[in-house]
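Encoded as structure tokens, the structure appears first; notes follow it.
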Amino acid sequence: MPHELPKAYEPGAIEVRWADYWVREKLFAVPTPPPGETRPVFTLLLPPPNVTGRLHMGHMLNQTQMDIIVRWHRMRGFITLWLPGTDHAGIATQMMVEKQLEKEGKKRRELGREKFIERVWEWKREYGGAILDQMKRLGASVDWDREYFTMDENLSRAVREVFVRLYEQGLVYRGHYIVNWCPWHETAISDLEVKHDEVPGKLWEIRYPVVGTEEFITVATTRPETMLGDTAIAVNAKDERYTHLHGKKVLLPLMKREIPIITDDLAQPEFGTGAVKVTPAHDPNDFQAGKRHNLPEISVMDEHARMNSNAGAYAGLDRFEARKRVLHDLREQGFLVAEKDYTLALGKCDRCGTVVEPRLSEQWFIKIKPLAERAKAAVESGEITIVPENFRQIYLNWMANIYDWCISRQLWWGHRIPAWTCAGCKEVIVAREAPTKCTKCGGTELEQVSDVLDTWFSSGLLPFTTLGWPEKTRDLEVFYPNTLMITGFDILFFWLARMIMFGCHFMQGHEQDPAIKQASGEADKKDDSVPFRHVYIHALVRDAERQKMSKTKGNVIDPLHIIERFGTDATRFTLAAMAAPGTDIAFNESRTEGYRAFANKIWNAARFMFMNVDRVEPGLRPGDGRGVRPYTIEALEDRWILSRFNRVTADVNDALQAYRFHEAANRIYDFFWGEFCDWYLELIKPRLQFEEGSDMSAARMACGNLVNLFDSALRLLHPVMPFITEEIWQAMYEGKAPAKSIALMAYPQADEKQVDLAAETEMAILQDLIVNVRNLRAELKVEPKVKVPIEVFAHEAEIQAMIEQNRGAVERLANAETITFVESSLAKVAGARSTARFDVHVVYERKIDAAAECERLRKELEKLDKGVGTGRRQLDNEQFLAKAPANVVENLRKQQGELAVLKEKILSKMQELGCS
RNA sequence: GGGCGGUUAGCUCAGCUGGUUAGAGCGCCUGCCUUACAAGCAGGAGGUCGCAGGUUCGAGUCCUGCACUGCCCA
């Protein structure tokens, strides 16, 4: 790797090259650690993207955060396993292939189940890897050797094992219940997959004639077509308006069926007329009421939500067409009393938007309470921590109000339920492998249940199934519980909650290797059955206008497109820098553009470094170590930058520990650009100069420090910007790097002994002085090329000595000709500036603009007064002195002293200028 | 209906457990191709922290109410 970096930073080629290299060299593959291993372990499961997926900003945010945390741990010496894979995504994938078939003019049912599934596998082999390829482009440092697919044979076996065990434990049951049915997908879906939309609709009031009287009972409904399946009218027992009708019957309009009037709490007296229709086959509440009263359940729709033969004259009609016709007929026959505007919460299928129809059908359920209790306890007790904390409560609330989970889906693509029906006696046999004969009647004609399992059933098992469960493997001993789970809150219930339930249930009694547990800092945890010890929930990425990205709105930002324009590093940095925990990210391209500029800055700083190394000491390479080790302190700037680096290093490590990605990113940005480039590089330039044939030791020393600092800064930045740091780091070693990648080097750790408060204070004074001179020059409109003499008055002798010592730096950076120290304050002098520690005067004949200067002074005075005011109020307050901590009081005193000096100076200056 | 969050510079956002004169990037204005970088450098303007109360020695930060806005659940 040569030192010559191209002048322009072009991320594209660099990133592709290193992404390939990392995969090819298997840098992040983690062999199973043998017994006796004592290093800490960090394990993270990639939330598996759908095989049908295309990388979107949500993935990219998620993966950026995971990769930062993972690289950080790896560099800190953890055995770091990041496990990748994809999800078979039942509905999504099946739809994808059905669409493909449609283009060929074929239908799924014509093809038949087996052929269709073969087609899906073909599709998967062909296109299923796309999203993982995109991940590689992001630099995700996962262990590709361990890649899984949720329908792999070993994972499928584990799914069957889980199902059978749950069945044997009485936690899976089958039953005829009302479920959410998507007529478009022709399958049951879980409560979670139904999204409720508030839409303007109608509430219709229908009157039913009471048999043997002249009376009517009026009920209200938003779905009048379901009346065809009514099997009762309910009134509340306490409702005196209807007491006289108890035990009577009504004649169901249109169907001419007699149905009973029942008393049930389903009818609330204060709501509407107090009477409700009861349709057990089409409404979950009515279903419950029907059970209480032994009512018949009359389904009037089929799986497409078309009216069936039970709907009499309406059979064959689509449900909405039937609604119109029912209403028309009711009106015509005088049964429709009213039609009112009404806002209803319409349940729609999360995936296709079709209005969900509650439907009575045979489904499989998980009895969830026993699982939820343990899952709830694991979080309550702190065995699993959730950040940000507010999601903890959301999780607990949900767990407390959970309902049984419908796990069967009427799809073909997925894990088929391991249950068989005997043709002879209709017995249902649940088994790990296909049984040969019926356990009840001995019949041999057995057919497997056609339903498959909800996709989230298998993904909920991944924390242990990917590690070899149900076998007792070494991988489980080492890597279970996973250390962390990073995911979006949108799958908090779908996935996270289920992993916790399954993990706590199936891994009961599991114990992690104690040495590893101890080394990993988890010794205080009591429960090793949890799927992971920590959860970090990240926010949503929105568009620049804070709108949720969606295909229909057309505001989806394609991360690959952004990457193409600005580079992966810049895009990653954007997401990291904007990811304050708990707040959504409004993705703003201008930020990414700014971070590309940051990468460019680093690039050019590297070019500067290489230029000097090649000139001063070819072949110079950084030493190794956790910090800046072979480092020689010669000048103030050396002490200063070392101190700053250590402080920043401490902050970055702390920030990452708390998932404060934005803080980590911003700290590095400010350090690298604002301190290292803007000041340090400028300050050492004179030291890098040398005359031909003269002593080069100063230049050598400066170069050595530069290289070591740069190396450390690269390591500090690497988790956030892996590509550019790898490129420059490799170049620094010219092919003789101590490791295959910077990713395998040590992460910088702060050394308190290298924090130098005095150096930081002195440097701040110098910077202040330089900035004031630049400022005055601008105000006096000194031509940029002209150097002018300056006069400095320092209040304290040490400060004057310090400035004297750094005279060269001031002269150069402030573009000053000479510095003259004077004995008395320059506060009143025109063309001078004052601070609490010094006054500085730029000696230049041009008059300053008095009016503008007055204006500036007035503003500064105003600000100052505000500070002086609040400060004095506090210092005059005995309560403050008594109650505030000593350091706060002391700091305030010090600050007030400085403010007073400054204010005095400004006032005298204003007087001098004759400001009004 | 229940719950949770947001409201800080023209724009996009920081500001963790209350403690100096509230910060950054972008944009804007002025001046510079100063041999690492014009994707840059130097300087500058710009905010009564949504509104009204309260707690406190001290509030952008804590509490209450209100307004607007977003999300989740029913």
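Note: hydrogens, waters and symmetry copies are ignored here, and every other heavy atom, side chains too, is used. Throughout, a chain's letter reflects where its sequence line sits, starting with A, and its residues are numbered from 1.
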- What would the secondary structure line of RNA chain B be in dot-bracket form, counting Watson-Crick and G-U wobble pairs under 3.5 Å, with [ ] for pairs that cross earlier ones and | for pairs with another strand? (((((((..((((.....[...)))).(((((.......))))).....(((((..]....)))))))))))).

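- For A/Arg565 and B/A39, the shortest distance from a side-chain N or O to OP1 or OP2 is not below 4.0 Å.
- Atom CG of A/Leu492 and atom P of B/C4 are 16 Å apart (whole Å).
- Map A/Ile394 and A/Arg856 each onto its nearest nucleotide of RNA chain B; the residue landing nearer the 5' end is A/Ile394.
- When the nucleotides B/G43, B/G19, B/C16 are ranked by their closest atom to the side chain of A/Glu663, B/C16 comes out on top.
- Atom CZ in A/Phe587 sits about 12 Å away from atom C1' in B/U12, given to the nearest Å.
- Rounded to an integer number of Å, the gap from A/Leu902 CG to B/U21 P is 13 Å.
- When each of B/C33, B/G19, B/A14 is scored by its nearest atom to the side-chain atoms of A/Lys785, the top-ranked nucleotide is B/C33.
- Rounded to whole Å, the C1' atom of B/G47 lies 30 Å from the corresponding atom of B/C32.
- Using a 3.5 Å distance cut-off with no hydrogens or angles, the side chains of A/Asn815 and A/Arg774 do not pair a donor with an acceptor.
- Residue contacts shown for A/Leu681 include a base, since a base heavy atom lies under 4.0 Å away.
- For the C1' atoms, the distance linking B/A24 with B/U64 amounts to 33 Å, nearest Å.
- We find that CH2 of A/Trp398 is positioned 13 Å from C1' of B/C72, with the value rounded to whole Å.
- B/A45 and B/A22 are spaced 14 Å apart, taking the P atom of each and rounding to whole Å.
- Spacing between B/U7 and B/U61 at atom P, rounded to whole Å, works out to 11 Å.
- Residue A/Phe489 has its side chain nearest to B/C72 when only B/G46, B/C37, B/C72 are considered.
- When the side-chain nitrogen and oxygen atoms of A/Lys859 are compared with OP1 and OP2 of B/G46, one or more of them lie within a distance under 4.0 Å.
- Distances shown here put a side-chain N or O of A/Gln895 below 4.0 Å from the OP1 or OP2 atom of B/U21.
- Closest to the side chain of A/Arg596, out of B/C72, B/G31, B/A39, is B/A39.
- Taking atom P in both B/U20 and B/U55, one finds a spacing of 23 Å when rounded to whole Å.
- B/G60 sits 10 Å from B/G50 when the P atoms are compared, rounded to a whole Å.
- Contact annotation for A/Asn775: backbone-only contact, meaning every heavy-atom pair under 4.0 Å involves sugar-phosphate atoms and none involves a base.
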- Message: Using the rule given for salt bridge (charged side-chain N to carboxylate O under 4.0 Å, His left out), can you reason through A/Arg667 versus A/Glu663, listing the C-alpha separation, both sets of side-chain angles and the distance that settles it, and then say yes or no?
- Response: CA-CA 6 Å; A/Arg667 298 294 286 140; A/Glu663 204 170 286; over 6 Å; no

